Amino acid sequence: MNNCIFCKILNKEIPSDFIYEDDICFAINDINPKAKKHILVIPKEHVESLNEIKDYNLIKKLFEAISKINKQENIKSFKTLINTGKEAGQEVFHLHIHILAD
Ligand code: 5GP
Ligand code: ZN
């Protein structure tokens, strides 16, 4: 999808460290971590933000993936964060859920 950085990462146009992948989403380490572990869980479908979601099953599947990723990474205590809209701090306009763990 056009100039979207996460679509480019998914399409391997930009290298990144995939730590998890399934049919629906993939996960990478944040390039500028704000916690000891800072993972981004990103749907493969280009959805700009929470405001553009049409099928809320996507959210369920992303949280199922988060559960698997946390088991894989041995993360037990964590925060999740979704920034929606520029004023709320969203920088990349392709929906993603942050996992933050110290
Ligand atoms: P937002 O502010 O949109 O919720 O979060 C975007 C996140 O993407 C930021 O934490 C930023 O550090 C991360 N990010 C931006 N560009 C890249 C990139 O090219 N690779 C990776 N791994 N993370 C990125
Ligand atoms: Zn995208």
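Indexing begins at 1, ligand by ligand and atom by atom, following the structure's order. The shown structure was predicted, so the numbers you read here are calculated from the model rather than taken from an experiment.
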Quiz item: Should F63 and F78 be counted in the same cluster of Ile, Leu, Val, Met, Phe, Trp and Tyr side chains packed under 4.5 Å apart?
Solution: yes

Quiz item: Can you tell me which residue and heavy atom of the protein come closest to atom 2 (O) of ligand 1, and the distance to 0.1 Å?
Solution: G89 O, 2.8 Å

Practice problem: State the atom name: nearest N, O or S atom of H46 to the Zn ion (ligand 2). | Solution: ND1

Practice problem: Would you mind listing which atoms of ligand 1 come within a distance below 4.0 Å of any non-hydrogen atom of F6? | Solution: 8 (O)

Quiz item: Are the aromatic rings of H98 and H96 close, with centres under 6.0 Å apart?
Solution: yes

Quiz item: the Zn ion (ligand 2) is nearest to which N, O or S atom of H94?
Solution: ND1

Quiz item: Which of the numbered atoms in ligand 1 are below 4.0 angstrom from a heavy atom of I28?
Solution: 21 (C), 22 (N)

Self-check item: I82 contact mode with ligand 1 (heavy-atom cut-off under 4.0 Å)
Solution: neither

Quiz prompt | Nearest protein heavy atom with distance in Å, relative to atom 3 (O) of ligand 1 | solution = E91 N, 2.7 Å

Quiz item: Are N3 and K8 close enough, and set up right, to give a side chain to side chain donor-acceptor pair (under 3.5 Å), and what steps lead you there?
Solution: CA-CA 8 Å; N3 249 347; K8 284 185 177 165; 3.1 Å; yes

Practice problem: Find out if a path of hydrophobic residues (ILVMFWY) with successive side-chain heavy-atom gaps under 4.5 Å connects V47 to F93. | Solution: no

Quiz item: Are E64 and K60 ion-paired here, with the side-chain N under 4.0 Å from a carboxylate O?
Solution: yes

Exercise. Taking all non-hydrogen atoms of both residues into account, name the closest pair between C25 and L62 and its distance.
Key: CB-CD2, 3.6 Å

Exercise. Identify the residue among I75, I66, I28, L100 that makes a side-chain contact (heavy atoms from CB on, under 4.5 Å) with I39.
Key: I75

Quiz item: Any side-chain donor-acceptor pair under 3.5 Å between K76 and N74?
Solution: yes

Quiz prompt | Nearest neighbour in protein (non-hydrogen) for atom 10 (O) of ligand 1 | solution = D30 OD2, 2.5 Å

Practice problem: Just let me know how N29 lines up against ligand 1, side chain, backbone, both or neither, with a heavy-atom cut-off below 4.0 Å. | Solution: backbone

Practice problem: Run the numbers for me: atoms of ligand 1, each under 4.0 Å from some heavy atom of N32, listed by number. | Solution: 12 (O)

Quiz item: Is the NZ or CZ atom of K44 both under 6.0 Å from the centre of the six-membered ring of F6 and within 45° of that ring's axis?
Solution: no

Self-check item: Greater than 12 external heavy atoms within 6.0 Å of K34's NZ
Solution: yes

Exercise. Do me a favour and list the nearest non-hydrogen protein atom to atom 16 (N) of ligand 1 with residue, atom name and distance?
Key: I5 CD1, 4.1 Å

Quiz item: Do I9 and L40 share a hydrophobic cluster, counting only Ile, Leu, Val, Met, Phe, Trp and Tyr and linking them when any side-chain heavy atoms are less than 4.5 Å apart?
Solution: yes

Self-check item: For atom 23 (N) of ligand 1, the protein heavy atom that lies nearest, with its residue and separation
Solution: I31 N, 3.3 Å

Exercise. Could you tell me whether some N/O pair between H38 and ligand 1 is separated by less than 3.5 angstrom?
Key: no

Self-check item: Protein contact to atom 15 (C) of ligand 1 [nearest heavy atom, distance to 0.1 Å]
Solution: V92 CG2, 4.1 Å

Quiz item: Quick one: does N83 get an N or O within less than 3.5 Å of an N or O on ligand 1?
Solution: yes

Self-check item: Enumerated ligand 1 atoms positioned under 4.0 Å from heavy atoms of L40
Solution: 8 (O), 13 (C), 23 (N)

Self-check item: Structural part of I9 in contact with ligand 1, heavy atom criterion under 4.0 angstrom
Solution: side chain

Practice problem: Around atom 6 (C) of ligand 1, find the nearest protein heavy atom and jot down its residue, atom name and distance. | Solution: H96 NE2, 3.4 Å

Practice problem: Find out if a path of hydrophobic residues (ILVMFWY) with successive side-chain heavy-atom gaps under 4.5 Å connects I14 to L95. | Solution: no

Quiz item: F93: heavy atom below 4.0 Å from ligand 1, yes or no?
Solution: no

